[in-house]
Number of protein chains: 2
Amino acid sequence: MDRRIQKSRQAIMNAFMRLMSEKDFESMTVNQIAEEANVNRGTVYLHFTDKYDLLDQCMEVQINQLLRNCMPEEGLVHLTSKTALQRTFEYLEQHASFYSIMLTSKGSAVFRNQMETLFRQSLSEHLDSINLDRKLNKDITVQFLSSAGVGVLEWWITHSMPYPASVMVEQFWNLLDRIQLQMFE
Amino acid sequence: MDRRIQKSRQAIMNAFMRLMSEKDFESMTVNQIAEEANVNRGTVYLHFTDKYDLLDQCMEVQINQLLRNCMPEEGLVHLTSKTALQRTFEYLEQHASFYSIMLTSKGSAVFRNQMETLFRQSLSEHLDSINLDRKLNKDITVQFLSSAGVGVLEWWITHSMPYPASVMVEQFWNLLDRIQLQMFE
DNA sequence: GCCCGGTTGTTGATTTTTCAACAGAGAGCT
DNA sequence: AGCTCTCTGTTGAAAAATCAACAACCGGGC
């Protein structure tokens, strides 16, 4: 990628995030973002459809960084592995202000969607490795648990992380373990 | 000035100054500066003839900032005024590392030239306001005192500011006062 | 209702930056 | 001596960013 593109996108996203910590998303204008980023307003539109797209893309970049940080090595993030879970919570704790702002001021679905996808994959594989009670529908079970997982995660962030990451991991793990015991055939 | 030019020049100068605090000027390459600034090498050449020109321009920018900071208000800097002298020394003290590096690692004459010009102006006006002994040639006297002033200033910077700014101001002022008494008719 | 100011999204012409490539110079090695 | 590598200074074509301008829309005030 041409370095000019990289620089412009970076400047715009950084400016956006700075403004997000000072302003209400709805009242923020593209002109303000452009000025903060020291780029022409047209340049913002070259890279982003509108400020909603900017928010979404910002979230995606950040989540990709989260994932890259939480990966044990080359491979997928398994949120059903305690280590990966630990890393995820700790990373989120360290970037608390960003996620807090992004999740509270505007209902971007990017975070939820991406985290749910992750939970779904991990849980799907996990349930494949145990003997799921035949009376339970796998898809519904996976969705149930994913939603619960993401719900807790979002709650923790939007409520200013009332407990340290370590406590969250412990509780999460505990719940998963106990629920799992009820699913054996 | 087009914002792209501003951004490029700023990035290049900042990168240069960062590298100056880590490397020997002579061994520094334009390619290193371009990489540090995240611009194409050709861009460096668009704005600066070579690294010597870059050093000179950097010095000029910084000295202009020094002057802007030391001006009492709209007007000229009078280095024969104690207030202006105080401000100058204090500013230099606060930017010690920059000036120290710039004056020690490469013999750029920009600082010396500009400061001498300043001293000359101030002293010239100052001597106009007193009755200079007729036996003294004004131009020679002005040059004598300017050189002395700049010499002390440079010595202070290149010797890591052995005394606080306040001491330097006091001594400077004292010397100027005593020497002046010897010049009356 | 109308008017005004601010914002959005877009367009076209221009400028600046990028990139790759080239020729030349200097230093070090065989 | 020749060869290689690195750096310098430059060139030309392409791409990205800039700027000014325009039309349309929205919200607030009279």
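Lettering of chains follows the sequences in order, A, B, ..., and the numbering in each one begins at 1.
- The CZ atom of A/Phe48 sits 15 Å away from the P atom of C/dT8 (whole-angstrom rounding).
- As rounded to whole Å, 11 Å separates atom P of C/dT10 from atom CG of A/Leu46.
- In this structure, B/Asp50 and A/Val39 both approach DNA chain D, and ranking their closest nucleotides by distance from the 5' end singles out B/Asp50.
- Remark: side-chain polar atoms of B/Lys23 are not paired, donor with acceptor, to backbone N or O of B/Thr29 under 3.5 angstrom.
- Of all nucleotides in DNA chain D, those with any atom nearer than 4.0 Å to a heavy atom of chain A start and finish, going 5' to 3', at D/dA15 to D/dA21.
- Phosphate contact (OP1/OP2 of C/dT17, side-chain N/O of B/Ser8, threshold under 4.0 Å): present.
- Neither OP1 nor OP2 of C/dT17 sits under 4.0 Å from any side-chain N or O of B/Asn40.
- Put simply, the side chain of A/Ser27 reaches to within 4.5 Å of the side chain of A/Asp24, judged on heavy atoms.
- Within 4.0 Å (heavy atoms only), B/Ile5 reaches sugar-phosphate atoms of the nucleic acid but no base atom.
- At a threshold of 4.5 Å between non-hydrogen side-chain atoms, the residues A/Leu55 and A/Phe16 count as touching.
- Put simply, the side chain of B/Ser129 gets close to the backbone of B/His126: a donor and an acceptor are under 3.5 Å apart.
- Taking both residues in full, the closest heavy atoms of A/Val169 and A/Leu85 are given as CG2-O, 4.0 Å, listed atom of the first, atom of the second, then distance.
- B/His47 has a side-chain polar atom (N or O) that falls below the 4.0 Å cut-off from OP1 or OP2 of C/dT17.
- If you check every strand for non-hydrogen atoms under 4.0 Å, B/Lys7 touches sugar and phosphate atoms only.
- Side-chain atoms of B/Ser21 come within 3.5 Å of backbone N or O of B/Arg18 as a donor-acceptor pair.
- If you measure from atom CG of B/Asn31 to atom P of C/dA20, you get 13 Å, rounded to the nearest angstrom.
- Distance CD1 (B/Ile12) to C1' (C/dT17): 10 Å, rounded to an integer number of Å.
- Distance B/Tyr45 OH to C/dT18 P: 15 Å, rounded to the nearest Å.
- Counting non-hydrogen atoms under 4.0 angstrom, B/Arg3 reaches the backbone sugars and phosphates but no base.
- Taking atom CD on B/Gln6 and atom P on C/dT17, their separation rounds to 11 Å, with Å as the unit.
- Relative to the side chain of B/Asp2, the nucleotides C/dT8, C/dT16, C/dT17 differ in distance, and C/dT16 lies closest.
- The backbone N or O of B/Tyr163 lies less than 3.5 Å from a partner atom in the side chain of B/Trp156, making a donor-acceptor pair.
- Distance CG (B/Asn38) to P (C/dT16): 20 Å, rounded to an integer number of Å.
- Taking only distance into account, the side chain of B/Arg4 meets the base of C/dT15 through a donor-acceptor pair shorter than 3.5 Å.
- For the pair A/Met1 and A/Arg41, nearest-nucleotide mapping onto DNA chain C gives the more 5' position to A/Arg41.
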